[in-house]
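For reference, the structure discussed in these notes is given below.
Please read these numbers as outputs of a predicted model, since none were measured by experiment. Letters A, B, ... mirror the listed sequences (proteins, then strands); counts begin at 1.
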Amino acid sequence: MVLPATTPTPGASPESAKERRAVNDVVIRLAGNSQDGIQTIGGFLARLAGRSDQEVMTYMTIPSTISGGPSIFQVRMGNGDILSSGDQADVLVAFYQHSYESHINSLRPGGVLIYDSDHVAPNPEDRRFRAIGIPITGATVEAVGGSSKDKGKNLFVLGLLARIFSLDVAKIGGLISERFGGKSEDIVRNAMLAFDAGYATPADNLHDCLYQFEAPAVSGGRPQITTDGNLALTYGLIAAGVRHGAGYPITPWTTVMETLRSELGKYGGIFVQAEDELAAAGYALGFAYSGHLAVTGSSGPGLSLKMEALGWAVMAEMPLIVINVQRGGPSTGLPTNVEQSDLMQAIYGSHGDAPRVVLAPKDVEDCFYVALEAGRIARKYSTPVLILTDQALATRIEAFDEPDLAKLMVDPKPDLSPRGADFEPYPLDKITRHAPPGASIATGKYPSVSGLEHDELGHPTGNPALHMKMTAKRREKIKALGASLPVPEVFGDPEGDVLIVGWGSTWGPIREAVGQLRAVGTRVGQIHLRNLHPLPPSLEEIFARFKKVLVVEMNDEGLYGFGQLATLLRARYSLPSIGSLTKTDGLTFRISEIVNGVLQRLGRAGTDGGYAKPSRI
Amino acid sequence: MVLPATTPTPGASPESAKERRAVNDVVIRLAGNSQDGIQTIGGFLARLAGRSDQEVMTYMTIPSTISGGPSIFQVRMGNGDILSSGDQADVLVAFYQHSYESHINSLRPGGVLIYDSDHVAPNPEDRRFRAIGIPITGATVEAVGGSSKDKGKNLFVLGLLARIFSLDVAKIGGLISERFGGKSEDIVRNAMLAFDAGYATPADNLHDCLYQFEAPAVSGGRPQITTDGNLALTYGLIAAGVRHGAGYPITPWTTVMETLRSELGKYGGIFVQAEDELAAAGYALGFAYSGHLAVTGSSGPGLSLKMEALGWAVMAEMPLIVINVQRGGPSTGLPTNVEQSDLMQAIYGSHGDAPRVVLAPKDVEDCFYVALEAGRIARKYSTPVLILTDQALATRIEAFDEPDLAKLMVDPKPDLSPRGADFEPYPLDKITRHAPPGASIATGKYPSVSGLEHDELGHPTGNPALHMKMTAKRREKIKALGASLPVPEVFGDPEGDVLIVGWGSTWGPIREAVGQLRAVGTRVGQIHLRNLHPLPPSLEEIFARFKKVLVVEMNDEGLYGFGQLATLLRARYSLPSIGSLTKTDGLTFRISEIVNGVLQRLGRAGTDGGYAKPSRI
Amino acid sequence: MSSSSAALATAGTAPRVPLTKKALTADHPTWCPGCGDFAVLASYYRVLEKLQYPHENIVTLAGIGCSSRFPYFVNTHGVHYIHGRSLPFAAGVSLGRDDVHVFVFGGDGDGFSIGGNHLVHTGRKNVNLTYVIMDNFVYGLTKKQTSPTSPIGFKSKTDPTGSIDQPINPMQTLVNSGATFVARSHAGQVNHMTEMMERAARHEGFSVVEILSECVEFYEGAFDAAVPRKGGQFRTIELRKNDGTPEDALRHDPSDEVAAFRLASEPWPGVFGVFYESNRPTKNKLEAGLIAKAREKTKSASDLEVLQATFRRMR
Amino acid sequence: MSSSSAALATAGTAPRVPLTKKALTADHPTWCPGCGDFAVLASYYRVLEKLQYPHENIVTLAGIGCSSRFPYFVNTHGVHYIHGRSLPFAAGVSLGRDDVHVFVFGGDGDGFSIGGNHLVHTGRKNVNLTYVIMDNFVYGLTKKQTSPTSPIGFKSKTDPTGSIDQPINPMQTLVNSGATFVARSHAGQVNHMTEMMERAARHEGFSVVEILSECVEFYEGAFDAAVPRKGGQFRTIELRKNDGTPEDALRHDPSDEVAAFRLASEPWPGVFGVFYESNRPTKNKLEAGLIAKAREKTKSASDLEVLQATFRRMR
Ligand SMILES: Cc1ncc(C[n+]2csc(CCOP(=O)(O)OP(=O)(O)O)c2C)c(N)n1
Ligand SMILES: Cc1ncc(C[n+]2csc(CCOP(=O)(O)OP(=O)(O)O)c2C)c(N)n1
Ligand code: SF4
Ligand code: SF4
Ligand SMILES: [Mg+2]
Ligand SMILES: [Mg+2]
């Protein structure tokens, strides 16, 4: 698309760089209604950051009513490690009075409040912020013309932000045309009209609040991609060789299955929308049995429905990848909030002794790589592998180095080669390797795959000794995997006061918290577990180097005062030094919550957010 | 029924008491095919023991083929505490060559082998036993007449055993007529003909193997009843006030539901056979919501299907009793064997933080009382309560004092009284008490019962603070229950070398093992946990009094070397002294396995069954 | 669900004030403006106003979905259970308490996909309750996936190039389920819908009404073919009057299962009204019969006496 | 299941020896002597002998039940899955591997009770496989509980005074499910049963045969009414020949769903044969079509190229 003539030439911003203050990274919170398209422009900002070799992380809320409603989208972008979407905003854009009122206290003192003066009357007494009123609604209507009403406000704001932060207008134009390219010319034109109007806001009206990002560190060579956790995971599955799967919709898992359904065809694969989660697990296991690397998944309630099928997969030793995009529980719970409360179920949810593998990705990039790892383990150990991601990761946008697909991509096809006379599906001394249908067996004796306890050929047995041996076989292969895992790296102090142990999406906030804690003189280390079952080796030695081990997780403290991972670690190591920092408010950890939690446990006073926060704007 | 004239007069046994050797308790193993009705005569023996104020315990195996096949029934009867069905038999009755071959090594040296000389040719070299050959088949055919073939062999053997042990023939006659009373006269007559023929076996043929039970200790005053664990549990549920329930058949749970289905009508109640286990949980929760104390249940696979519904029950805070008659797992596993491998699932099987109550009965009598306790807790704490029994308890017959029903029986009817203006289903500061439909609410505002996170009135909320508070509300009530529980009693040494901790049906074998271990000079105590979640108070202090804590359970040692209860205890108390003794052969613990396991962990050599076994025959 | 189940006398002695829409209204619905479900809710209010059951004896239940939010929007005893399993729960309430009136609401996904089997089995058991399926041919709450009633070619997020699986035929499925009252209506036809819901409520047994209820957000215009002011046709079923006239033979006999099945095979948008009605005994009645027989045998002994007698037999 | 799916060439080059009953026989069945299931197994051997599929391309699957022990008694690739869920598993195998022949066996409880919903949805999707329901009107493996096909009055352990819930009508249920081949037979009629199973196997799409297979242990004589030598009647369906004769109009048109539904409503023991048959496209074909369209768009780029292009769009 050719950009409309009104658009300023790329790079030539109306103010020169020296009139602008340099910033390293910035947290911008857009607060409006979900109908206003704030996710769209938030997404543009994130994508832009990615294309500019910046780091970026986003955070959004989903309105609780079906027809939409109040919603926020927060973007943190800039240089250096961006590990969380930020506790407090540097810039707040308030579309409505309710947006202003609900979010003004998340703006840090000294931050910039931009409000739509057509809708918002800020408290004139409140001098904590620099307030900039712009008639966003009126100006948009004026710029775009009456028929579209105030549609386009979001692009007006994007233009405004581009002006304030001297963003790359050409790149944004590219993003807009990519996004609306399929639609009518009108739509693209209107979008650009609104954008340009925002961009044209006179500097005077901005009270001198103009900034320029510092140049990013030299890029890693590979281009950055910008995406959310569910998409990263989905493409990770495809890279891992998944061509078949089945699921049933549920928030926030749904976008994984939607993407697989629309993408797998290109790879010759099939994704089935089943009648329920039990059927979905059945389809996936049928695909797996037939020789493919297959996936099924869901969120909490759907996982509860898959417990019987997963038990069968353990007994039958069937490779399978199972995704749980965790949300607030129990039961229907808080479907659009985040929680890490399905860990115990992932490990122990099926009846009987049914050992299986559980992994969790730490950020959006890791969603991609953890899928590859799950595929590797499922195939190598002929076992179901559960991936526990969560609602926060699912919808969060981050930028990361494009993976080297040529090196990483796996394409396991069904192995139909004839099997020799020594073939047994369940040898006692080797890991199970199934012969899919289509593979002939030299003996002419075909194997059974069974959920009953069975002998080496898969035939049912009630023999006590065999049940003991087969139980051991299923256990020992998982132990062998555990022994082969890398020892987790300790970040921060290698020994000292506190070791913070986390898993899943809390990685970023914990890492930032560790930085802040060390800055105030605490000796703190961090390990983050990706392998939750089996656990990696040598944790005991690492734990021994710290006075306290504090497990930080988003779930309940339980009857005995310990979160779910803490419970597992205590059971394995029986170290009284292992304690818990948990919460169940359905929100991601704020850095200050972790910092204060640690300081409190060290007998020091918590800070009130007033600690070592690097100044930005 | 009038006993046929050929029957000797009660009490007048052909030999006088002084020609007989006195015995205290005896283990009789009947080995044949399930079609031979050995369960029937085993049941008669057990019932007879109960009616004679003796103790009794039985053990049986279920053939693995549908059409029946090899099967055993073992009865241990006599005086003193009979806590297990016995490691080794004193008398083996072998109907077939395969019975002889499979079971001869379970007969203790010096024991009595009775074999059907029409089918069995024992090894003449084997001098370890006293062998008595009787043409059981031929003699039965002769006694009963040709048309019924060898049907009645079992009653012939019963007569034989009555002769050998000088059993009360009148009482047996009563049992036979009760059992076959509803059938044709012919059947009763044939049964008695076979019985009498067995009883008439000449003393000479018995090689002097004649015994007399010592007189039982004075009876406890209440009559004894004889029944199996599933029936005791079922009648316990009825005593607890259960009038409504739903289920789906599965072995070994089925007899609970069958009995409820045929009994509840007499109490004005309803039991529904649902289309599957998910529906069964739904029906039961509908009954519970409508104001009744309700039950659902299953065995392993069915429980895996109820995990979503149980999570709802936790969230909605609905009282419900849930039975799991555990069997060998995982998956379809070993349906007719025993295992205690569903404990973790009972506690952690649903997604989200979903705390609920888990209880386990220790013997058949306790199956009755644990149901009463489950009803009490479910109603008082408005919570689902799981009862973990198992296949061994389900089919085992024991005799125990008849419960004092007039004192114990509870009859909770729906409470339809109008609720005041302060009524809230989910008050933050009180335990939930639902108002069932039919109850009017003074405010005119009717409550919602919800699986979404909710406010005090049951309306959905995404409010972070409320989710935290409601999570705490659900947790704290279970903690309050925990704090109110009695401290478990220590049996045996109050402090010392080893504390054996068990749960469920292992109680008897553990207690006998403790006796034997103390007899060889080990300082051993025992606690047996009935409350598995929440755990009772003060365990820590008890554990501290022993050098080692050994948790004995029938499940796998897991990835880290600990059984399921051991894992829970280590997680709570983080005591390195807590270790595990587990097994997964699908069979109940033999006393020697426990004794040897303990001795081994104490660095002493295990015994080979040669330790302090009280001589019996 | 039957109006014949006798209302248990409840405590209050003051004369009852009539049940009004106002008393029945609860939270403001969170549905999108224009959603068909609003009209269904309005009809439910009207039916309850007509029936004048004691307020505290009405139960409104649902599974999960946009439509299943119903219980929060009605001020009666309410239950929001899990996805697809509302029927067994509701059946438990109905069998547990013959004095209450059980209404279940839900969507096409809840009822025909994950919940499809419960429909058949609650149907064949003929449990006394009323079930309203708000069929919008799409998954609303999860934002536009194919549902088991989505027509072939429907473009959803799980079928971006158009759905390919043959949908179920709701009326055929319901007729086959064993339900003893089966009707079909449209949320745009308020009077017809109210009439169907009222007839369902007055029916003793398992009564189901499928209501086409448009999802304006994710499947706008789905039912235009049945909306006269959009050029469609709303054809209703004429029921047999048994008046002996020759025309009458052409009218639909709702007790004829095969005829109902045939009627359900008419091409889209088909016909509206009562497809099937019969008065097979309800499970509620049959279970009550078993209880009566059992109590006759025990000579209506008290619970304690019955259990004591049982224990005596175990001596 | 179709015989048209092309068998993938497998490794061996030696000419194939014909597939015999001997090669197909595995463990000795654990069924009770006299159980109807033996005859079904014998028919399956015969059908496989006729079809002569490559041995390694046959898959025999089942859920749980006496009948579901089938896979252990046939020497083919076999799966013993969980109770009631064999169809989704089998559908996964069929969709995953168009070169294999998928046969599913199961009981009335497995298929119509816990598995009832999967039947309907596999049916409407018309997944290419053959499903044989061995209906004995009872739960065999768990020893005599009421099944969804047990007639009213049947005395089981869960209905000691006789069952009260109306059973489903298997043929009506199957016709309504969307299955594209629906037939009924009797284990005592070996030739008829073999013919039905063979036709089902040769049908492309979801084919189901209900076989009345007596449980001699827990429901002896259940099907005597259909056994001529016990005074019963084995009435078979005459199929339309389209020969223009007037008699032909009276014969059954298996493509007519409503006629099939009506036929299924005939009183016990009803009729035997093919109730319904149509050639709606299978999901296997439809999914293959989606793949072909998608590959056309990507110009059959390699998997790596496709994924790389996707990542480029995320830059
Ligand atoms: C076990 C389970 N699976 C999936 C979901 C997610 N879910 C909620 S509603 C719904 C379907 C909604 O469609 P429908 O029943 O047609 O209702 P509508 O929203 O269209 O009214 C789904 C899949 C869930 N809550 N629980
Ligand atoms: C989830 C689950 N529920 C229940 C069972 C127990 N069970 C095994 S087979 C069966 C039903 C058997 O009846 P049917 O399917 O008719 O087969 P049949 O034995 O009569 O051939 C049941 C209830 C189980 N294995 N798994
Ligand atoms: S999404 Fe559709 S069904 Fe849901 S409230 Fe909106 S319009 Fe109604
Ligand atoms: S129980 Fe019935 S169905 Fe099962 S094997 Fe025996 S006769 Fe056959
Ligand atoms: Mg819908
Ligand atoms: Mg059956």
Side-chain angles (χ1 to χ4, degrees), chain A residues 64 300-301 303-305 307-308 311-312 314-316 328-334 336-337 339 341-342 344-345 348-355 451-453 462 464-465 467-468 471 475 478-479 482 533-534 555-556 558-560 562 567-568 570-572 574-576 578 583-587, chain B residues 64 300-301 303-305 307-308 311-312 314-316 328-334 336-337 339 341-342 344-345 348-355 451-453 462 464-465 467-468 471 475 478-479 482 533-534 555-556 558-560 562 567-568 570-572 574-576 578 583-587:
Chain A
S64 60
L303 264 292
S304 284
L305 290 173
M307 286 300 131
E308 193 198 6
W312 185 88
V314 171
M315 186 61 140
S331 194
T332 315
L334 284 99
T336 54
N337 287 64
E339 210 161 87
S341 52
D342 299 349
M344 284 307 224
Q345 183 197 45
Y348 294 118
S350 302
H351 67 279
D353 285 299
L452 279 167
E453 190 56 284
H467 180 44
M468 255 194 320
T471 302
R475 177 216 312 137
I478 307 292
K479 283 174 77 171
H533 201 245
N555 52 37
D556 189 45
L559 299 190
Y560 311 129
F562 307 103
T567 297
L568 293 169
R570 287 173 57 91
R572 171 155 191 187
S574 64
L575 280 174
I578 301 175
K583 70 164 191 169
T584 57
D585 61 2
L587 306 172
Chain B
S64 60
L303 264 291
S304 284
L305 290 173
M307 287 300 132
E308 193 197 7
W312 185 88
V314 170
M315 186 59 139
S331 195
T332 314
L334 285 97
T336 54
N337 287 65
E339 210 161 88
S341 54
D342 298 349
M344 284 309 226
Q345 182 197 46
Y348 293 119
S350 302
H351 67 278
D353 285 298
L452 279 166
E453 191 55 285
H467 181 44
M468 246 182 338
T471 302
R475 177 216 310 137
I478 306 292
K479 283 174 75 170
H533 202 244
N555 52 38
D556 189 46
L559 299 190
Y560 311 129
F562 307 104
T567 297
L568 292 169
R570 287 173 58 91
R572 172 155 190 188
S574 63
L575 282 174
I578 301 175
K583 70 162 191 169
T584 58
D585 61 2
L587 305 173

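Ranked by non-hydrogen atom pairs under 4.5 Å with chain B, the options A:Asp342, A:Leu303, A:Thr567, A:Leu452 are led by A:Leu452. Of the residues considered (A:Lys583, A:Lys479, A:His533, A:Arg475), A:Arg475 shows the highest number of contacts with chain B, using heavy-atom pairs under 4.5 Å. Among B:Gly329, B:Ser350, B:Ser331, the residue making the largest number of heavy-atom pairs under 4.5 Å with chain A is B:Ser331. With respect to chain B, the highest number of heavy-atom pairs below 4.5 Å among A:Gly333, A:Gly586, A:Gly482, A:Ala354 belongs to A:Gly333. Listed options A:Leu305, A:Leu568, A:Ile478 were ranked by heavy-atom pairs under 4.5 angstrom with chain B; first place goes to A:Leu305. For chain A, the option among B:Glu453, B:Gln345, B:Met344 with the highest count of heavy-atom pairs below 4.5 Å is B:Gln345. When the candidates A:Leu559, A:Thr332, A:Leu587, A:Leu334 are compared by the number of heavy-atom contacts under 4.5 Å with chain B, A:Leu559 comes out ahead.
The two residues B:Gly462 and A:Asn337 make their nearest non-hydrogen contact at O-ND2, 4.4 Å. Closest approach of B:Met315 and B:Gly451 over heavy atoms only: CG-O, 3.4 Å.
For A:Tyr348, the parts sitting under 4.5 Å from any heavy atom of chain B are the backbone and the side chain alike. If you measure heavy-atom distances from A:Glu339 to chain B, the contacts under 4.5 Å come from the side chain alone.
At least one donor-acceptor pair under 3.5 Å links the side chain of B:Arg570 to the backbone N or O of B:Ile578.
For the residue pair B:Ser304 / A:His351, a side-chain donor-acceptor distance below 3.5 Å is found, with atom types taken as modelled.
For A:Asp353, there are no salt bridge (charged side-chain N to carboxylate O under 4.0 Å, His left out) partners, not counting sequence neighbours.
Within the 4.5 Å cutoff, the side chain of A:Pro355 has heavy atoms near those of the A:Val314 side chain. With a 4.5 Å cut-off on side-chain heavy atoms, A:Thr584 and B:Met468 count as touching.
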